[in-house]
Amino acid sequence: MASHSIIGLDIGSKWIKALQLSESNGQFRVTEFGALEIPPQYSLADAIAELIGSRRWKTKRVVSSVSGRFVFVRYINMPVMSDEELGNAAKYELGKYIPVEVDEVLHDSQKLEELPPQEGQEPEMRVLLVAAKKTFIEEHIELLRTAGLVPQIIDVDSFAIGNAYELTGIINPQAIRQGKLVALADVGAAKTNINIMSDAMSFFTREFYKGGDDVTDAISKKLGIEPKEAEALKRNPGGDLPRVEECISGVLEDICHDINISIDYFENQYDKKVEEIFITGGSSNCVGMQETLEKTVQKPVSKWNPMQYVEADLSSPDAMQQLTDGGSQIAIALGLASRLRKD
Ligand SMILES: Nc1ncnc2c1ncn2[C@@H]1O[C@H](COP(=O)(O)OP(=O)(O)OP(=O)(O)O)[C@@H](O)[C@H]1O
Ligand SMILES: [Mg+2]
């Protein structure tokens, strides 16, 4: 089969990441990459267009994602039924679980697994229901088109991290903890996404609105300095490390506490144990993040850089440098582009 490609576009609140994945004879490679910190005076469409214009892409086809309060993800149990029956039943089922009218959303459903039979009960299966406000999706598609791209799929951030995990496991089994439950946590600027996975199976996702911005805010307020200065100090504390650590310890504990709540909830609900945490996202680099999380969840925590396992063949040294430097920030873009597998 000829080589084909797709761009995974992760539009974060601070950084836009675009990663082109290509497949040739069953081999996956990253064939272009760019990342841009959104300039304050730019519209999102302009920032996306600038990033896309700065690299040489083989395609304009793009998979992007949405997140936030107009996106609803629910894991529920339903009686075992066919995919077609599920498609019909999901719409009615969804009405019970989302705070907006079903007619206002686009939705999808997926059977995850049949549950072990319980005596005296009808056989049940676990189902994933996803819905997002139509107007929200339409605006997102318009944004991509304005930037000159051709949208193929609109995904959800938390699923994308899971898909990155699945893809790297296919490319290199060493990339994942085979047969074990792990929690992937992408700690960005404004939010944190969690996906609890075992191999290719996602059991639970959650998103909460805390991240690196809160860390920068804490430094800025406590030291009485401008956010820009606080951001620079956060990234390179140098000799100010003890002062920075003191400013941010409370915020880090808060973020890690919320990650722990999700893991606890999952473990109680499903009677399963998460064995390890993988952290990604720009804020996984924050001083003290890994240690604080390890202390809070009482499980091993590793930084996860999927690019350790995926080959890259890029158009320029500049792109290669960005990919190497930004490895912790690319999981979502890679997961979005991994939809190429089913293309
Ligand atoms: N070395 C570092 N130390 C601390 N924080 C860092 C470092 N590098 C990046 N960050 C933080 O990572 C964040 C950006 O990461 P990322 O690109 O994952 O966020 P985003 O995708 O734009 O945001 P979100 O997903 O929340 O919308 C910023 O808050 C930035 O301050
Ligand atoms: Mg992000």
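Each ligand, and each atom within it, is numbered from 1 in the order the structure gives. Residues: numbered from 1 along the sequence shown.
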Student: Does E267 pair with K299 as a salt bridge, N-O distance under 4.0 Å?
Tutor: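 Yes, this pair counts.
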Student: What do you reckon, does A190 have a nitrogen or oxygen under 3.5 Å from a nitrogen or oxygen of ligand 1?
Tutor: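 Between A190 and ligand 1, an N or O pair is found under 3.5 Å apart.
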Student: Would you indicate which of S67, G288, G282 comes nearest to atom 18 (O) of ligand 1 when only heavy atoms are counted?
Tutor: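 Ranked by closest heavy atom to atom 18 (O) of ligand 1, first place is G282.
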Student: Calculate, to the nearest 0.5 Å, the distance between atoms CG and CD1 belonging to L9 and I48 respectively.
Tutor: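 Reported to 0.5 Å precision, the distance equals 5.5 Å.
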Student: Assess, by modelled atom type and distance only, whether the side chains of H140 and S64 contain a donor and an acceptor separated by less than 3.5 Å.
Tutor: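 S64 and H140 do have a side-chain donor-acceptor pair below 3.5 Å.
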Student: Show which side-chain atoms of residues 211-223 pair as donor or acceptor with protein atoms under 3.5 Å away, not counting sequence neighbours.
Tutor:
from : atom 1 : to   : atom 2 : distance (Å)
D213 : OD1    : K14  : NZ     : 3.1
D213 : OD2    : K14  : NZ     : 3.3
D214 : OD2    : G211 : N      : 2.9
T216 : OG1    : G212 : O      : 3.1
T216 : OG1    : E231 : OE1    : 3.1
T216 : OG1    : K234 : NZ     : 2.9
S220 : OG     : I225 : O      : 2.7
K222 : NZ     : C247 : O      : 3.2

Student: Can you confirm, on distance only, whether ligand 1 has an N/O atom lying under 3.5 Å from any N/O atom belonging to Q329?
Tutor: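 Between Q329 and ligand 1, an N or O pair is found under 3.5 Å apart.
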Student: Y265 vs F204 aromatic rings, parallel, tilted or perpendicular, using cut-offs 30° and 60°?
Tutor: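 Taking F204 first and then Y265, their aromatic rings sit tilted (interplane angle of 30° to 60°).
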Student: Could you tell me, atom by atom, which parts of ligand 1 come under 4.0 Å of a heavy atom of G12?
Tutor: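 Answer for ligand 1: 20 (P), 21 (O), 22 (O), 27 (O).
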Student: Examine the side chains of E50 and Y42 and answer whether a donor and an acceptor come within less than 3.5 Å of each other.
Tutor: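 A pair is found: one side chain offers a donor N or O, the other an acceptor, under 3.5 Å apart.
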Student: In terms of atom number and element, which parts of ligand 1 are under 4.0 angstrom from non-hydrogen atoms of W15?
Tutor: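 Per the distance check, 14 (C), 17 (O), 22 (O).
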Student: Would you say M289 touches ligand 1, if touching means a heavy atom closer than 4.0 Å?
Tutor: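 Contact check M289 vs ligand 1: negative.
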Student: Minimum distance, heavy atoms only, to atom 2 (C) of ligand 1: which one of V287, N236, N285 is it?
Tutor: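 Minimum heavy-atom distance to atom 2 (C) of ligand 1 goes to N285.
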Student: Return the closest protein heavy atom for atom 5 (N) of ligand 1 as residue, atom name and distance.
Tutor: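 Atom 5 (N) of ligand 1 sits closest to the protein heavy atom K234 CE, 3.5 Å.
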Student: Heavy atoms only: which of A232, G212, S283 is nearest to atom 11 (C) of ligand 1?
Tutor: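 It is S283 whose heavy atom sits nearest to atom 11 (C) of ligand 1.
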Student: Kindly confirm or rule out an N or O of S13 lying under 3.5 angstrom from an N or O of ligand 1.
Tutor: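 Yes, there is a polar N/O contact under 3.5 Å.
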Student: Could you tell me whether the side chains of Q321 and D325 share a donor-acceptor contact shorter than 3.5 Å?
Tutor: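 Looking only at side-chain atoms, D325 and Q321 do form a donor-acceptor pair, the distance falling under 3.5 Å.
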Student: Number the atoms of ligand 1 from 1 as they appear, then name those within less than 4.0 Å of a heavy atom of G281, with their elements.
Tutor: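 Within the 4.0 Å cut-off of G281, ligand 1 contributes 18 (O).
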Student: State whether the shortest distance between N or O atoms of D186 and N or O atoms of ligand 1 falls below 3.5 angstrom.
Tutor: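 Not met; the criterion fails.
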Student: Answer whether the closest heavy-atom distance between the side chains of V73 and V156 falls below 4.5 Å.
Tutor: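 Yes, close enough: below the 4.5 Å cut-off.
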Student: Verify whether one side chain among Q20 and T59 offers a donor that lies under 3.5 Å from an acceptor in the other.
Tutor: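 No.
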Student: Taking distance alone, with N or O pairs closer than 3.5 Å, would you say V187 contacts ligand 1?
Tutor: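 No; the residue has no nitrogen or oxygen that sits under 3.5 Å from a nitrogen or oxygen of the ligand.
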Student: Heavy-atom pairs closer than 4.0 Å: do any link ligand 1 to the side chain of K14, the backbone, both, or neither?
Tutor: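 Contact part for K14 vs ligand 1: both backbone and side chain.
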